[in-house]
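Okay, structure first, notes after.
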Amino acid sequence: MFRLWIKQWKDNRLLTDLTFEKEVIDTRTHLIMDGLKWACYEFDLSVPIWLDSNIREFKRNAKTRFSQDNFIEEIPFDYLEIEILDEG
């Protein structure tokens, strides 16, 4: 079971979070993108743009943050954080 934790943070406080779970039947990249798209739909956000710094951080830590620079419209929080909990 693949599990991705998606969190919205503001002023160092967790505003809201979701956990995306799916059977491992696809590539890791597809699972991550599916989870991020699902969470953005649930949060009513556009999907953030992956910058090189996000890719490097995610490869290193299985975790990254998307700030205002990653979104086209204004966001009502400081950053969106994704983290892999389980790759099953």
Side-chain angles (χ1 to χ4, degrees):
M1 178 70 69
F2 175 83
R3 293 176 55 216
L4 184 69
W5 192 15
I6 305 100
K7 304 169 270 187
Q8 290 181 352
W9 292 88
K10 183 163 181 87
D11 299 327
N12 293 322
R13 292 179 185 252
L14 180 64
L15 292 179
T16 185
D17 67 320
L18 295 170
T19 303
F20 173 78
E21 295 182 355
K22 189 173 183 179
E23 288 297 322
V24 180
I25 55 171
D26 213 343
T27 65
R28 181 180 193 232
T29 302
H30 286 133
L31 292 168
I32 293 164
M33 293 308 295
D34 287 349
L36 184 57
K37 286 177 188 174
W38 171 79
C40 288
Y41 177 80
E42 293 294 318
F43 289 144
D44 194 25
L45 297 170
S46 64
V47 178
I49 298 166
W50 285 78
L51 303 175
D52 290 339
S53 58
N54 297 109
I55 295 168
R56 280 192 306 274
E57 182 181 17
F58 199 79
K59 284 180 181 178
R60 200 173 38 247
N61 303 320
K63 177 179 176 176
T64 193
R65 293 177 177 178
F66 298 103
S67 63
Q68 181 62 59
D69 294 340
N70 300 93
F71 291 91
I72 294 171
E73 78 273 351
E74 282 291 315
I75 54 174
F77 49 87
D78 294 334
Y79 59 88
L80 181 74
E81 183 177 73
I82 65 171
E83 178 179 1
I84 293 179
L85 297 176
D86 184 17
E87 293 192 65

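Keep in mind that what you see is a predicted model, and the values were worked out from it rather than measured.
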Closest non-hydrogen atom pair, Val24 against Glu87:
CG2-O, 3.6 Å
Between Asn54 (side chain only) and Arg65 (backbone N and O only), is there a donor and an acceptor less than 3.5 Å apart?
yes
Working to the nearest 0.5 Å, report the span between CG of Leu51 and CD of Glu57.
11.0 Å
After noting the C-alpha distance and the side-chain angles of Trp50 and Ile32, does the key distance pass the side chain to side chain contact (heavy atoms under 4.5 Å, CB included) rule?
CA-CA 12 Å; Trp50 285 78; Ile32 293 164; 4.0 Å; yes
Restricting to non-hydrogen atoms, name the atom on Ala62 and the atom on Arg28 that form the minimum distance, rounded to 0.1 Å.
CB-NH2, 3.9 Å
Enclosure of Lys37 NZ (heavy-atom neighbours >12, cutoff 6.0 Å):
no
Looking at Trp5, I'd like to know if its CH2 atom is crowded, meaning that more than 12 non-hydrogen atoms belonging to other residues, nucleotides or ligands lie closer than 6.0 Å.
no
Beyond-backbone contact of Phe20 with Ile82, side-chain heavy atoms, under 4.5 angstrom
no
Scanning both residues in full, the closest heavy-atom pair of Glu42 with Leu18 reads CB-CD1, 3.6 Å
In Å and rounded to the nearest 0.5 Å, what is the OG1 to CG distance from Thr19 to Asp86?
11.5 Å
Starting at NZ of Lys22, measure out to CE of Met1 and round the result to the nearest 0.5 Å.
11.0 Å
After noting the C-alpha distance and the side-chain angles of Gln8 and Leu45, does the key distance pass the side chain to side chain contact (heavy atoms under 4.5 Å, CB included) rule?
CA-CA 11 Å; Gln8 290 181 352; Leu45 297 170; 3.8 Å; yes
Beyond-backbone contact of Leu15 with Trp9, side-chain heavy atoms, under 4.5 angstrom
no
Heavy-atom donor-acceptor pair, Gln68 side chain to Glu73 backbone, under 3.5 Å:
yes
Could you please spell out the steps behind the side chain to side chain contact (heavy atoms under 4.5 Å, CB included) verdict for Ile75 and Phe66?
CA-CA 10 Å; Ile75 54 174; Phe66 298 103; over 6 Å; no
Shortest non-hydrogen contact from Ile6 to Gly35?
CD1-O, 4.1 Å
Do the side chains of Glu83 and Lys7 get close enough for a salt bridge, i.e. N-O under 4.0 angstrom?
yes
Are Phe43 and Leu14 grouped together when hydrophobic residues (ILVMFWY) are joined by side-chain heavy atoms under 4.5 angstrom apart?
no
Separation between OG of Ser53 and CZ of Phe58, rounded to the nearest 0.5 Å:
13.5 Å
Do Leu80 and Val47 sit in one hydrophobic cluster, given that two such residues count as connected whenever their side-chain heavy atoms are within less than 4.5 Å of each other, even indirectly?
yes
Drop me the distance from Glu21's CD to Phe2's CZ, to the nearest 0.5 angstrom.
10.5 Å
What do the steps show when you test Ile84 against Leu31 for side chain to side chain contact (heavy atoms under 4.5 Å, CB included), and what is the final call?
CA-CA 10 Å; Ile84 293 179; Leu31 292 168; over 6 Å; no
If you compare all heavy atoms of Leu36 against all heavy atoms of Pro48, which two are closest, and at what distance to 0.1 Å?
CD2-CG, 4.0 Å
Any side-chain to backbone donor/acceptor pair from Asn70 onto Ile49? Under 3.5 Å, distance only.
yes
Spell out, yes or no, whether Trp38 and Tyr41 are grouped together once hydrophobic residues are joined by side-chain heavy atoms under 4.5 Å, including indirect joins.
no
